[in-house]
Protein chains: 2
Amino acid sequence: MNYEEAKIKFISTWGSLGTLWGINKAMAQIQALLFISTKPLSMEEIMEELQISRGNTSMNLRQLMDWGIVTKELIPGERKEYFTTEKDVQELARIVAKERSRREIQPVIKVLNEVSSIEDDGTEKTKELIKQTKALHDLTETADAMINKLVNQQQNWITKSLLKLFT
Amino acid sequence: MNYEEAKIKFISTWGSLGTLWGINKAMAQIQALLFISTKPLSMEEIMEELQISRGNTSMNLRQLMDWGIVTKELIPGERKEYFTTEKDVQELARIVAKERSRREIQPVIKVLNEVSSIEDDGTEKTKELIKQTKALHDLTETADAMINKLVNQQQNWITKSLLKLFT
DNA sequence: ATAAACTTTCAATAATTATTGAAAGTTTAA
DNA sequence: TTAAACTTTCAATAATTATTGAAAGTTTAT
């Protein structure tokens with residue numbers, strides 16, 4: 001496998017993994033391209049490399065910036081805008097975990113809390129609904145808290161010890 | 001909010017959360033319905049409650065069984081098949097984490113490993129590709145391992161201590 | 001062996017989501 | 001202030017994914 005093949009394989013794999021971290025294919029591919037680029041890229045260059053339209057590129061870059069994963073780079077003397085992505089994988093993971101928590105997990109926790117707090121009318125089905133949604137609520141909240149904590153700490157002594165424990 | 005309202009809210013919320021754990025809406029809704037049901041349900045009952053077609057119900061039940069989340073229950077004297085879901089949230093999380101790892105994460109780890117193992121031709125762009133995909137590979141592998149380990153342990157002393165540490 | 005009761009399959013269709021491309025908008029240089 | 005260089009927006013279209021429903025398949029009872 002040479003450089004070009006490897007690059008294409010990486011971008012397309014990372015693109016299809018997008019769903020796993022809650023973003024769409026084009027977004028993930030743009031991020032992947034920037035992630036292995038040795039310099040900031042212009043919209044033109046991104047369009048060219050990924051064979052996608054100007055509109056698509058513009059919208060997805062905007063979303064990546066909303067997520068805080070990509071930033072504009074102003075190159076002196078250049079009219080065009082250039083883009084870079086966060087290059088540190090730990091930081092990337094931190095941002096993604098935080099955003100997904102805020103966008104998707106927190107709203108669900110809220111609903112689970114509401115549902116599990118309905119008045120117990122004494123019927124079996126109500127008891128079951130309350131019991132099960134409460135269990136889901138607690139699980140979701142705990143998982144969310146753990147992921148955020150883990151991902152937030154820098155590679156400090158706790159994380160290091162945990163890695164040893166769990167590997 | 002009364003029982004019916006709460007039930008509908010729970011099912012639809014859990015349904016739209018489906019994407020987060022990698023399954024589609026109908027699948028997630030069927031699972032949600034079974035999760036709060038006090039008894040096994042027939043295909044007929046599921047179709048009726050969720051207002052979905054027989055074909056859709058059949059296919060999604062099949063998928064849930066493939067995942068190992070739902071099982072057929074044979075009720076003596078009954079011709080119909082009845083379905084139940086795993087009711088323990090910890091066990092549910094274990095199954096989901098394991099399946100997603102197998103279906104999605106492992107294949108990505110494999111590709112990242114291949115890509116990061118290409119021959120270093122000495123150019124800057126190849127060096128960057130290798131460096132960055134290697135970092136992603138290590139991150140993904142570590143995260144996958146941790147999630148599986150965490151979710152696999154029963155609520156034993158380690159998990160309990162961790163929860164205290166991280167909450 | 002037949003038929004009723006039930007489940008699965010799958011081509012057709014609908015719903016959703018992503019993408020395009022060109023017009024409108026913005027910024028900068030002269 | 002004008003025009004060139006560039007970016008954004010968004011209605012139209014394409015691609016993808018989910019859903020239907022009816023025919024085919026299976027199982028069980030008689």
Side-chain angles (χ1 to χ4, degrees), chain A residues 11-34 40-67 70-84 100 103-104, chain B residues 11-34 40-67 70-84 100 103-104:
Chain A
I11 290 173
S12 93
T13 303
W14 203 241
S16 55
L17 188 68
T19 56
L20 208 140
W21 45 298
I23 70 176
N24 73 31
K25 206 182 79 188
M27 240 174 111
Q29 289 190 347
I30 294 172
Q31 199 276 327
L33 178 63
L34 293 173
L41 298 179
S42 68
M43 221 162 78
E44 213 68 46
E45 289 168 316
I46 295 169
M47 289 166 58
E48 165 65 21
E49 281 275 7
L50 302 179
Q51 293 293 305
I52 59 178
S53 72
R54 187 175 298 285
N56 200 2
T57 309
S58 169
M59 288 171 113
N60 284 110
L61 277 171
R62 144 89 82 142
Q63 283 205 75
L64 284 164
M65 288 188 286
D66 287 349
W67 273 70
V70 162
T71 46
K72 268 186 192 158
E73 195 92 348
L74 295 177
I75 294 192
E78 284 277 8
R79 188 72 172 276
K80 288 197 196 80
E81 295 176 326
Y82 285 78
F83 301 90
T84 42
R100 291 209 84 182
R103 291 168 195 241
E104 300 174 82
Chain B
I11 290 173
S12 93
T13 303
W14 204 240
S16 55
L17 188 68
T19 55
L20 207 139
W21 46 298
I23 71 177
N24 74 31
K25 204 182 81 188
M27 239 174 112
Q29 289 190 346
I30 293 172
Q31 199 276 327
L33 178 62
L34 292 172
L41 299 180
S42 68
M43 221 162 80
E44 212 70 44
E45 289 168 316
I46 295 169
M47 288 165 60
E48 164 66 20
E49 282 275 7
L50 302 179
Q51 293 292 306
I52 59 178
S53 72
R54 188 174 298 284
N56 200 2
T57 309
S58 170
M59 288 171 112
N60 284 111
L61 277 171
R62 145 88 81 140
Q63 284 205 75
L64 284 164
M65 289 187 287
D66 287 350
W67 273 71
V70 162
T71 47
K72 269 186 192 157
E73 196 92 349
L74 295 176
I75 294 192
E78 286 274 11
R79 188 70 172 278
K80 287 197 195 79
E81 294 177 325
Y82 285 78
F83 301 89
T84 43
R100 292 209 84 181
R103 292 169 193 239
E104 300 173 80

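For the numbers below, each heavy atom of this structure counts, side chains included, while hydrogens, waters and symmetry mates do not. Below, chains carry the letters A, B, ... as their sequence lines are ordered, and counting in each starts from 1.
- The side chain of B:Arg54 has C:dT8 as its nearest neighbour among C:dC6, C:dT8, C:dT20.
- Closest contact between the side chain of A:Asn56 and the listed nucleotides D:dT20, D:dT7, C:dT20 involves C:dT20.
- C:dT7 atom P lies 10 Å from atom CE of B:Met65, rounded to whole Å.
- Distance, B:Glu78 CD to C:dA4 P: 20 Å, rounded to whole Å.
- Between the CG atom of A:Asn24 and the C1' atom of C:dT19 there is a distance of 10 Å, given to the nearest Å.
- Nearer the 5' end of DNA chain D, as judged by each residue's closest nucleotide, is the contact made by A:Tyr82, out of A:Met59 and A:Tyr82.
- A 4.5 Å side-chain heavy-atom check between A:Phe83 and A:Lys72 finds at least one atom pair inside the cut-off.
- Atom CG of A:Leu64 is separated from atom P of C:dA18 by 13 Å (rounded to the nearest Å).
- Within the shown strands, D:dA18 is the pairing partner of C:dT13 under the Watson-Crick or G-U definition, both distances less than 3.5 Å.
- C:dT7 atom P lies 13 Å from atom CD1 of B:Ile30, rounded to whole Å.
- Comparing D:dC6, D:dT8, C:dT9 against the side chain of B:Arg62 picks out C:dT9 as the nearest.
- The backbone N or O of A:Ser42 sits less than 3.5 Å from a side-chain atom of A:Glu45, completing a donor-acceptor pair.
- Among D:dT9, C:dT8, D:dT19, the nucleotide with an atom closest to any side-chain atom of A:Ser58 is D:dT9.
- Between A:Met43 and A:Tyr82 the shortest side-chain heavy-atom distance does not fall below 4.5 Å.
- The shortest side-chain heavy-atom distance between B:Ile52 and B:Ile30 falls under the 4.5 Å cut-off.
- Looking at B:Thr57, its side chain does come within 3.5 Å of a backbone N or O of B:Ser53 through a donor-acceptor pair.
- When heavy atoms are screened at a 4.0 angstrom cut-off, B:Glu44 is found touching no nucleic acid atom at all.
- Judged by a 6.0 Å distance limit and a 45° cone about the ring axis, B:Arg103 is positioned over the six-membered ring of B:Trp67.
- Nearest to the side chain of A:Ile52, among C:dC10, C:dT8, C:dT20, sits C:dT20.
- Closest to the side chain of B:Lys25, out of D:dT7, D:dT19, D:dT28, is D:dT19.
- With distances taken from any side-chain atom of A:Met43 to the nucleotides C:dT7, D:dA4, D:dT7, the minimum falls on D:dT7.
- For the pair A:Leu50 CG and C:dT20 C1', the computed distance is 15 Å after rounding to whole Å.
- If you check C:dA23 for Watson-Crick or wobble pairing at under 3.5 angstrom, you find it paired to D:dT8.
- The side chain of B:Ser53 lies closest to D:dT19, out of C:dA4, D:dT8, D:dT19.
- Between A:Asn60 atom CG and C:dT17 atom C1' there is a gap of 12 Å when expressed in whole angstrom units.
- Computed from coordinates, the A:Ile75 CD1 to C:dT28 P distance equals 15 Å when rounded to whole Å.
- For A:Arg79, whose side chain is taken as the heavy atoms from C-beta onward, the closest listed nucleotide among D:dT8, D:dA5, C:dC10 is D:dA5.
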